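Note on naming: letters A, B, ... go to the chains in the order of the sequence lines (proteins, then strands), and numbering restarts at 1 for each one. Note that the structure is predicted; figures quoted are calculated from it, not measured.
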Protein chains: 2
Amino acid sequence: MSRESSAAFQRMPGAYPRHLDAGELLFARGDVPWGMFLLETGRVHLRRFGRNGEEMTIATISPGQTFAEASLFSTAYHCDCVADESSRILVFPPRNVLRKIDEDAKFAKSLVHRLAIQLQECRMRSEVRGIRNAEERVTTVLGLRAGKDGCCRLAGTLKQFASEIGLTHEALYRTLSQLEAKGRIKREGRSIQLL
Amino acid sequence: MSRESSAAFQRMPGAYPRHLDAGELLFARGDVPWGMFLLETGRVHLRRFGRNGEEMTIATISPGQTFAEASLFSTAYHCDCVADESSRILVFPPRNVLRKIDEDAKFAKSLVHRLAIQLQECRMRSEVRGIRNAEERVTTVLGLRAGKDGCCRLAGTLKQFASEIGLTHEALYRTLSQLEAKGRIKREGRSIQLL
DNA sequence: CGTCACATTGATGCCTCTCAAAGCTTGTGG
DNA sequence: CCACAAGCTTTGAGAGGCATCAATGTGACG
C-alpha cells in the first residue's frame with residue numbers, strides 16, 4: 001500500500017477505471033483473481049469472516065494505495081473487498097501486470113517495494129494483535145498511526161477501528177474513555193490526540 | 001518464504017555463504033540492513049520483544065526459504081533473527097539485489113512472487129491471532145500446517161509453537177491435553193495428528 | 001549425576017467478551 | 001422541515017477464559 005510512484009501503474013496497458021458505490025463488493029473470497037487495484041478516491045477495506053460470523057478487518061485502503069497484489073500469483077482471492085464509501089479504482093488485469101513485470105524492470109522494482117512495505121505493515125498489525133492488554137494495544141496503534149504532532153485522524157468509525165485492531169467496539173469505547181479520563185489522550189470527533 | 005526457484009538467488013554476484021551457531025544472532029532490530037538471506041540448512045526464527053520483555057516469534061524459517069526481503073527498502077531491520085540450531089545461510093547484499101532486479105526481470109518476478117506468498121502467510125497469521133478461543137486457534141493453525149494426512153510435525157519445541165501462535169505455553173499445553181482427551185488430535189512426540 | 005530448559009498440572013484473578021439497554025448522529029422520505 | 005429509522009456510541013452487569021504465579025515431573029546433555 002505504498003503511496004509512491006503510482007504513475008507507472010496508471011500508464012499500464014489494459015488498465016481500466018471502475019466505480020464502486022458505498023457498500024459494493026469488489027471481489028469476494030474464493031473468486032478467481034481478475035485484477036489488482038489502485039484506489040484513486042474513496043475508501044475500501046479488506047475483510048474476512050471468522051467461524052462464528054464475526055467480521056475481521058484485514059486492512060483499510062486509502063487513496064493512492066494499491067491492493068490485492070498478492071492475488072497475482074493466487075488461484076483465488078483470500079478475502080472480501082468492500083467499499084466503505086463511493087470510490088473510484090483502477091483495475092489491472094493480472095496478465096497485464098505479469099507481462100509488465102517481465103518488460104519493465106522499474107515497474108517490477110516498484111512492485112517489490114510496495115509488497116515489502118505491505119509486508120512490514122502486516123507484520124506490525126500482527127504484532128499489535130499479540131498485545132493482550134487493550135489499553136496498551138490502543139496506545140500502540142495510535143502511536144504508530146499518529147503524525148509528528150501525536151494526532152491521529154481515523155478514516156472510518158470507531159467501530160471499524162475496533163475491528164481493525166481486534167477489539168470489540170465496547171472494549172474500545174471503554175478503553176478510550178479510560179485513557180481520556182487519565183489524560184493520556186484527547187478526543188475531538190474522529191481525531192485522537194496522544195498526550 | 002517461497003521454496004521455488006532459489007537458483008536465481010544462488011547465482012547472484014556478490015552473494016556469500018555464512019555459518020550460524022545455534023543461538024547466534026544474525027541481525028538485530030535497529031541494525032542497518034546489510035543483506036537479505038536464503039536459509040540453506042538448519043533453522044532460524046524472527047522475533048521481537050514486547051513492552052514487558054515477552055518474546056514474540058514472528059516467523060520460523062525453514063531451509064529453502066528466503067527472509068528479510070522487506071529490509072531491501074528499509075533503513076533498519078524491524079526484528080531480530082536468531083538461529084535455533086546450527087545453520088548455513090546465503091547472504092545477498094541489498095545493493096546487489098537491487099541491481100539484479102533492474103537487470104533481470106525473471107529474478108524480479110520471482111522476488112515479487114516470494115513477497116506475495118509471504119504477505120499471504122503473514123495475513124494468515126494475523127487472522128489466526130484474531131481467534132480468541134485457544135482451542136479454535138490451535139486447531140486452525142494445525143489445520144493450516146498439516147499435510148494431506150492431517151499430520152503436523154512441529155519444527156521446534158511446543159514452547160516455541162506457543163509463542164508463534166500467541167499463546168502462553170501453559171495455555172497451549174492445556175489446550176492440547178483437552179483436544180487429545182476429546183479425541184480430536186493424537187500426539188506422538190513432536191508430531192500432531194488431526195482427527 | 002547434576003544442571004538446565006522443556007513439559008505438565010494446579011489455583012487464582014483479571015480482563016475482555018457477551019448480552020443488554022439507552023442516548024446520540026446521520027440520512028432519508030414524506 | 002420534521003419524523004422516523006438505522007447504525008454508531010456509550011455505559012452497565014455478568015461470566016468465562018486465558019494469563020499469571022507456583023510447583024513438580026521429565027528429558028537432554030555435558
Side-chain angles (χ1 to χ4, degrees), chain A residues 21-23 43 45 47 50-57 60 82-86 128-141 154-182 185 187-192, chain B residues 21-23 43 45 47 50-57 60 82-86 128-141 154-182 185 187-192:
Chain A
D21 291 326
R43 188 161 45 88
H45 75 273
R47 70 167 186 211
R51 298 259 174 232
N52 309 320
E54 75 280 14
E55 180 173 343
M56 280 191 223
T57 301
T60 301
V82 192
D84 292 318
E85 45 186 75
S86 179
V128 161
R129 293 211 150 186
I131 302 173
R132 309 180 199 289
N133 183 266
E135 189 171 309
E136 196 181 331
R137 195 187 308 183
V138 170
T139 53
T140 302
V141 172
L154 298 179
T157 63
L158 284 178
K159 205 175 173 184
Q160 282 177 314
F161 182 56
S163 168
E164 281 175 47
I165 66 176
L167 286 176
T168 59
H169 56 278
E170 297 98 324
L172 176 62
Y173 294 140
R174 277 186 252 268
T175 305
L176 288 177
S177 295
Q178 288 164 19
L179 283 171
E180 199 163 22
K182 287 185 195 171
I185 63 168
R187 275 194 285 177
E188 230 176 292
R190 239 150 228 190
S191 286
I192 301 176
Chain B
D21 291 325
R43 188 160 46 88
H45 75 271
R47 69 167 187 210
R51 298 259 175 235
N52 310 320
E54 76 280 13
E55 180 173 343
M56 279 189 225
T57 302
T60 301
V82 191
D84 292 319
E85 44 186 76
S86 179
V128 162
R129 294 211 150 184
I131 302 173
R132 306 179 201 292
N133 183 266
E135 187 171 309
E136 196 180 331
R137 194 188 307 183
V138 170
T139 52
T140 301
V141 173
L154 298 179
T157 64
L158 283 178
K159 206 175 173 184
Q160 281 177 315
F161 182 56
S163 168
E164 282 175 46
I165 66 176
L167 286 177
T168 58
H169 56 278
E170 296 98 323
L172 176 62
Y173 294 140
R174 277 186 251 267
T175 304
L176 287 176
S177 295
Q178 288 163 22
L179 283 171
E180 200 162 21
K182 287 185 195 171
I185 62 167
R187 275 194 284 177
E188 231 178 292
R190 237 151 229 190
S191 287
I192 300 177

[X] [atom1] to [N] [atom2]: how many Å, rounded?
{"X": "B:Leu176", "N": "C:dC6", "atom1": "CG", "atom2": "C1'", "value": "14 Å"}
{"X": "A:Phe161", "N": "D:dT9", "atom1": "CZ", "atom2": "P", "value": "12 Å"}
{"X": "A:Arg132", "N": "D:dT20", "atom1": "CZ", "atom2": "P", "value": "7 Å"}
{"X": "B:Leu172", "N": "C:dA7", "atom1": "CG", "atom2": "P", "value": "9 Å"}
{"X": "B:Glu180", "N": "C:dT9", "atom1": "CD", "atom2": "P", "value": "10 Å"}
{"X": "B:Asp84", "N": "C:dA5", "atom1": "CG", "atom2": "P", "value": "15 Å"}
{"X": "B:Leu179", "N": "C:dT8", "atom1": "CG", "atom2": "P", "value": "13 Å"}
{"X": "B:Arg137", "N": "D:dG17", "atom1": "CZ", "atom2": "P", "value": "14 Å"}

Any chance you could measure B:Glu54, atom CD, to A:Ile131, atom CD1, to the nearest 0.5 Å? 8.0 Å
Proximal nucleotide (of [options]) relative to the [X] side chain:
{"X": "B:Lys159", "options": "D:dT9, C:dA7, D:dA19", "result": "C:dA7"}
{"X": "A:Tyr173", "options": "C:dT16, C:dT9, D:dC8", "result": "D:dC8"}
{"X": "A:Arg174", "options": "D:dG12, C:dA7, D:dT9", "result": "D:dG12"}

List in chain and number order the residues that pass ring-ring contact (aromatic ring centres under 6.0 Å, His included) with A:His169, two or more places apart in sequence or in another chain; answer none if no residue qualifies. A:Tyr173
Side-chain N or O of A:Thr157 versus OP1/OP2 of D:dG7: is the shortest distance under 4.0 Å? no
Does a nitrogen or oxygen in the side chain of A:Ser177 sit under 4.0 Å from OP1 or OP2 of D:dT11? yes
Any donor-acceptor pair, under 3.5 Å, between the side chain of B:Glu170 and the base of D:dC21, if you only look at N and O atoms? yes
Classify the side-chain pair A:Gln160/A:Thr60 by whether it contains a donor and acceptor separated by less than 3.5 Å. no
Under 4.0 Å between a Lys/Arg side-chain N and an Asp/Glu carboxylate O for A:Lys182 and A:Glu135? yes
Shortest non-hydrogen contact from B:Ile165 to B:Val138? CD1-CG2, 3.9 Å
Give one of base, sugar-phosphate or nothing for B:Arg187, where a contact means two heavy atoms less than 4.0 Å apart. sugar-phosphate
Nearest-nucleotide comparison on DNA chain C, the residue closer to the 5′ end among A:His169 and A:Gly166: A:Gly166
